[in-house]
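Keep in mind that what you see is a predicted model, and the values were worked out from it rather than measured. Index from 1, following the sequence. Scope of the values below: all heavy atoms of this structure, side chains included, with no hydrogens, waters or symmetry mates.
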Amino acid sequence: MTENRWENATACLPAAEWDEQIQQVRYQTVCSMVQDTSETYCTYGLECLGDCAGTWVQMDVIRDVSPSRENVLVMASRFNDLALSPLHFRDAVLDSLNA
């Protein structure tokens, strides 16, 4: 898994005050191409998006969660249904993988 990726966030999200400015959060899958020796394949991850003044900004992303698209889609759907807080995103992904 990769580190937090806050470089895509806009000026709408200064330091620790982002939680007060985010109207809504959603989770969706992302696909990454991975080359392993002579083979190239797609792995699936999750990104956390926040609605900040009408613009969806990437708050966090975890790439390469699973090679199974279906497993990651189910995880994203569960997080959206439960309105998972971005504060618990990484822990929830780890817990889902270890279940």
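At a threshold of 4.5 Å between non-hydrogen side-chain atoms, the residues V57 and T55 count as touching.
Considering every non-hydrogen atom in both V65 and L97, the closest pair reads CG1-CD2, 3.8 Å.
We find the CH2-CZ distance between W56 and R26 to be 4.5 Å, quoted to the nearest 0.5 Å.
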For residues 30-48, tabulate all N or O donor-acceptor pairs below 3.5 Å that involve a side-chain atom, not counting sequence neighbours.
| residue | atom | partner | partner atom | Å |
| --- | --- | --- | --- | --- |
| T43 | OG1 | D64 | OD1 | 3.4 |
| E47 | OE1 | Q58 | NE2 | 2.7 |
| E47 | OE2 | Q28 | NE2 | 2.7 |

Please list, one pair per line, the donor and acceptor atoms closer than 3.5 Å that link side chains of residues 66-81 to other protein atoms, with sequence neighbours excluded.
| residue | atom | partner | partner atom | Å |
| --- | --- | --- | --- | --- |
| S66 | OG | S68 | N | 2.9 |
| S68 | OG | N71 | N | 3.2 |
| S68 | OG | N71 | ND2 | 3.4 |
| R78 | NH1 | S96 | OG | 3.3 |
| N80 | OD1 | Y27 | N | 2.7 |
| N80 | ND2 | Y27 | O | 2.8 |
| N80 | ND2 | A76 | O | 3.1 |

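V93 and L49 fall into different hydrophobic clusters, where Ile, Leu, Val, Met, Phe, Trp and Tyr side chains are chained together by heavy-atom contacts under 4.5 Å.
In this structure, T29 has no side-chain hydrogen bond (donor to acceptor under 3.5 Å, both in side chains) partners at least two apart in sequence or on a different chain.
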